[in-house]
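In what follows, chains are A, B, ... by sequence order, proteins preceding strands, each numbered from 1. Remember, predicted model here, so these are calculated numbers, not experimental data.
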Amino acid sequence: MNKREVYAILTALIFLGVYVYEYSLNEEEKATVVSEGQVVKAHTKEYLLPTSTTGQVVHHEGYSLSYSEPHEQPEWVAYQLKKSDLSKANYKRPYFEIDKAVKTGAAHWNNYKNSGYDRGHLCPAGDRRHSLSAYKETFLTSNISPQEHTFNSGIWNNLEQQVRYWAKQYNGVFVITGGVLEEGLKSIGKEQVSVPDYFFKVLLSTQNGKTNMIAFLVPHKNSDRPLYEFVVSVDEVEKLTGIDFFSKLKDEIEYKLEASNNSSTWDFYD
DNA sequence: CTGAGACGC
DNA sequence: GCGTCTCAG
C-alpha cells in the first residue's frame, strides 16, 4: 500500500466516523442539537467579532478579517462554521487574488512563490465548500499566512478537521484564527510578509444550552502531539496578540470562560 | 484533507 | 494568465 492509499483510507475513516456518529443519534438528541445551533445562530456576526488592533476590518460573505498592513496578512479571520457549510463538493482550486477590500493593499501571492512556505488558509477552503463563490472567496491573500507545509498539512490540518467535527457535533461553531504577529519576525517576498512563530484558534460553541470556549496556541512547527496539549486559555491568546475576544458577551460570562482552559466539555478525537 | 510546481497555449 | 497534469505530507 503506498502513502496516497493510506491517506485516502484515513480520510474515508474520518467521514465514516462522523456518519456513524450522526446515525447513532436518536430523534430527541437531534432536536436538541438543532436547538443548540439556533442559539449560536442567534449571535450576529458583529456580536462575536474580536477587536481590531489595526483598525482595518473587512467583511466578506463567508468571513471577516482584520488586516495588518505591516505584517501583510490578517491578524485574525473570523467566521461561523455551520453544519450546512460542510459539503462534499469538490471544486478546483482557483488562483489567489489580492483582496481589493483591503484599502492599504493586500499582499500579492508572488511573495509566497518559491519562498518555501505554503499559502496557508486561515479560513480554510474546506470550511467553505457550500458554494463555489464561498469557496473562491477564501482564495484571497488577505486570508493567508506563510506556513510550513509540514505544519499546514500536519497538526494544523488536524486541528481544522477537529473543528469540522465539532461543527457537526455541536451544530455550528464560531471560529477565530490567525498567526501571532509581533516585531522581529522573519519575512518573505518583496512585500515582506511576516512568518508567524505561533498560530492560534479560538472557538465558541453552544452545548446543552451553555456557551463554551476553547483556544489553541500552536507553535509554527509540525508536531505529533495530540491537539489537547495545545489548549490554552483565551486570556493567554489575548495577552500575546492584544486582541480582545468576545468583548460584547456579558462580562461575567466572558471573564469566567476566557480564564478557563478546561477542555473537558469538548470531545476530542484523541 | 492540506498544498506545490511544470508545461503548453 | 489560465488550464491541465503530476506530485507530496
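A close approach under 4.0 Å does not occur between any side-chain nitrogen or oxygen of A:His149 and OP1 or OP2 of B:dT2. Contact annotation: A:Arg93 side-chain N/O to C:dC5 OP1/OP2 distance is not under 4.0 Å.
Annotation: salt bridge (Lys or Arg N to Asp or Glu O under 4.0 Å) contacts of A:Asp99 (sequence neighbours excluded): none.
Per the geometry, CG belonging to A:Asn157 stands 8 Å off P belonging to B:dG3, to the nearest Å. B:dA4 atom P lies 14 Å from atom CD of A:Glu148, rounded to whole Å. Rounded to whole angstrom, the span from the OH atom of A:Tyr112 across to the C1' atom of B:dA4 amounts to 15 Å. The separation between A:Asn152 atom CG and B:dG3 atom P is 4 Å, rounded to whole Å. Atom CG in A:Leu159 sits roughly 13 Å away from atom P in B:dT2 (whole-Å rounding). Per the geometry, CZ belonging to A:Arg129 stands 11 Å off C1' belonging to B:dT2, to the nearest Å. In this structure, the CD atom of A:Glu160 is 19 Å from the P atom of C:dG9, given to the nearest Å.
Side-chain N/O atoms of A:Gln80 and A:Tyr63 include no donor and acceptor closer than 3.5 Å. Looking at A:Ser64 and A:His59, their side chains do bring a donor and an acceptor atom within 3.5 Å of each other. For the residue pair A:Thr54 and A:Gln56, no side-chain donor N or O sits within less than 3.5 Å of a side-chain acceptor on the partner.
In the set C:dG9, B:dA4, B:dC1, the nucleotide with an atom closest to the side chain of A:Arg119 is B:dA4. Minimum atom distance to the side chain of A:Asn114 is reached by B:dG5, of the listed B:dC1, C:dG9, B:dG5.
Annotation: side chain of A:Tyr165 is not in contact with side chain of A:Gln161 (no heavy-atom distance under 4.5 Å).
The residue from A:Arg128, A:His130, A:Arg164 that alone fulfils the side-chain hydrogen bond (donor to acceptor under 3.5 Å, both in side chains) condition with A:Asp85 is A:Arg128.
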Between the protein and nucleotides 1-4 of chain C, which nitrogen or oxygen pairs are less than 3.5 angstrom apart?
| unit_1 | atom_1 | unit_2 | atom_2 | d |
| --- | --- | --- | --- | --- |
| C:dG3 | N7 | A:Tyr95 | OH | 3.4 |
| C:dT4 | OP2 | A:Lys92 | NZ | 2.9 |

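A:Gly126 comes within contact range of the sugar-phosphate backbone alone, with a heavy-atom separation under 4.0 Å but no base atom that close. Heavy atoms of A:Asp127 sit nowhere under 4.0 angstrom from any nucleic acid atom. At a threshold of 4.0 angstrom between heavy atoms, the contacts of A:Gln147 with the nucleic acid are absent.
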Kindly list each side-chain donor-acceptor pair under 3.5 angstrom involving residues 176-189 of chain A, sequence neighbours excluded, with atom names and distances?
| unit_1 | atom_1 | unit_2 | atom_2 | d |
| --- | --- | --- | --- | --- |
| A:Thr177 | OG1 | A:Phe200 | O | 2.8 |
| A:Lys186 | NZ | A:Tyr117 | OH | 3.1 |

